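In what follows, a structure is listed as structure tokens, so that the remarks can point back to it.
Computed from a predicted model, the values in this text were never measured in an experiment.
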Amino acid sequence: MWLMTALRGRGGRYHLRSGDAVADLAPGSIALFRHGDVIVGEGVVRKYVREPGADRSRTGAEVEYGARVEFAPDAIRVYAPPVPVAELQRLIGASPDISVPRGYYIVRDWSV
């Protein structure tokens, strides 16, 4: 639900707590969203800005962030059914190892 409602409702703005979490995200990159052991959807990057800022959480608390990814709202998709991480790992091979949650990985092979 978060992908289709909250992320789209924020105009596709996604905040990263650390500005060093992702080296670079070129416009047009496809980011996959993971929840637990499944890939639940994707978004197409419109812009990546590595600068600190602050925003309000759902509870109203101010939360600081180190970078911002802007996704094209119309290019945010939810997978039904979700794709198991193990299946994606099988498709991309042994490297990079995507088994660890909360990681940021780059897969350059578009045939995947």
Side-chain angles (χ1 to χ4, degrees):
M1 290 304 292
W2 177 83
L3 281 176
M4 294 305 291
T5 56
L7 186 58
R8 279 188 173 193
R10 295 171 55 101
R13 287 184 314 278
Y14 181 80
H15 298 129
L16 299 169
R17 291 191 188 245
S18 170
D20 297 327
V22 178
D24 189 29
L25 281 173
S29 296
I30 298 171
L32 301 177
F33 291 92
R34 175 182 184 154
H35 182 71
D37 290 333
V38 293
I39 306 298
V40 295
E42 67 181 42
V44 176
V45 175
R46 180 186 291 162
K47 184 174 165 184
Y48 176 62
V49 180
R50 197 188 293 190
E51 64 185 26
D55 197 9
R56 298 261 177 222
S57 70
R58 290 185 305 201
T59 63
E62 187 168 296
V63 179
E64 305 224 351
Y65 62 87
R68 180 180 74 248
V69 182
E70 294 179 13
F71 292 97
D74 292 339
I76 297 169
R77 296 175 186 85
V78 173
Y79 296 164
V83 177
V85 170
E87 178 63 16
L88 181 58
Q89 186 73 69
R90 187 186 67 75
L91 292 171
I92 66 173
S95 181
D97 178 4
I98 62 170
S99 64
V100 178
R102 297 193 182 264
Y104 296 96
Y105 310 97
I106 297 174
V107 178
R108 298 192 189 282
D109 182 357
W110 283 89
S111 67
V112 171

Under a single-linkage definition using a 4.5 Å side-chain heavy-atom cutoff for Ile, Leu, Val, Met, Phe, Trp and Tyr, are Y14 and V63 assigned to the same hydrophobic cluster?
no
Considering residues at least two apart in sequence or located in another chain, which fulfil the side-chain contact (heavy atoms from CB on, under 4.5 Å) criterion with Y48?
L16, V22, D24, L25, R50, A67, V69
By side-chain contact (heavy atoms from CB on, under 4.5 Å) - contacts of A86 (at least two apart):
none
Starting at CG of L7, measure out to CD of E70 and round the result to the nearest 0.5 Å.
11.0 Å
Grouping I, L, V, M, F, W and Y whenever their side-chain heavy atoms are under 4.5 Å apart, do I30 and I39 come out in a common cluster?
yes
Residues forming a ring pair (Phe, Tyr, Trp, His ring centres under 6.0 Å) with H15, sequence neighbours excluded
Y65
side-chain contact (heavy atoms from CB on, under 4.5 Å) partners of V38, counting only residues at least two apart
V40, P82
Among residues two or more places apart or on two chains, list those pairs meeting salt bridge (Lys or Arg N to Asp or Glu O under 4.0 Å) that have a residue in residues 72-82.
E42-R77
Would you give the length of the straight line joining atom OG1 of T5 to atom CD1 of I76, rounded to the nearest 0.5 angstrom?
10.0 Å
Can you find a pair of side-chain heavy atoms, one from D55 and one from R13, that are under 4.5 Å apart?
no
Strictly by ring-ring contact (aromatic ring centres under 6.0 Å, His included), give each pair with a member in residues 76-98 just once, sequence neighbours left out.
none
Closest non-hydrogen atom pair, G12 against P73:
N-CG, 4.1 Å
Taken in chain and number order and not counting sequence neighbours, the residues that satisfy salt bridge (charged side-chain N to carboxylate O under 4.0 Å, His left out) with R8 are none
Return the set of residues passing side-chain contact (heavy atoms from CB on, under 4.5 Å) with E87 (not counting sequence neighbours), or none when no residue passes.
V83, P84, R90, L91
Which heavy-atom pair separates P27 from R46 by the least distance, and what is that distance?
CB-O, 3.6 Å
Atom pair CZ/CZ of F33 and F71 - distance to nearest 0.5 Å
3.5 Å
For T59, enumerate each residue passing the side-chain hydrogen bond (donor to acceptor under 3.5 Å, both in side chains) test, keeping only those at least two apart in sequence or located in another chain.
S57
Under 3.5 Å, side chain of E64 to main-chain N/O of P52, donor-acceptor pair present?
no
Distance-only, no hydrogens or angles: does the R34 side chain make a donor-acceptor pair with backbone N or O of I98 under 3.5 Å?
yes
Identify, with sequence neighbours excluded, every residue that meets side-chain hydrogen bond (donor to acceptor under 3.5 Å, both in side chains) alongside D97.
S99
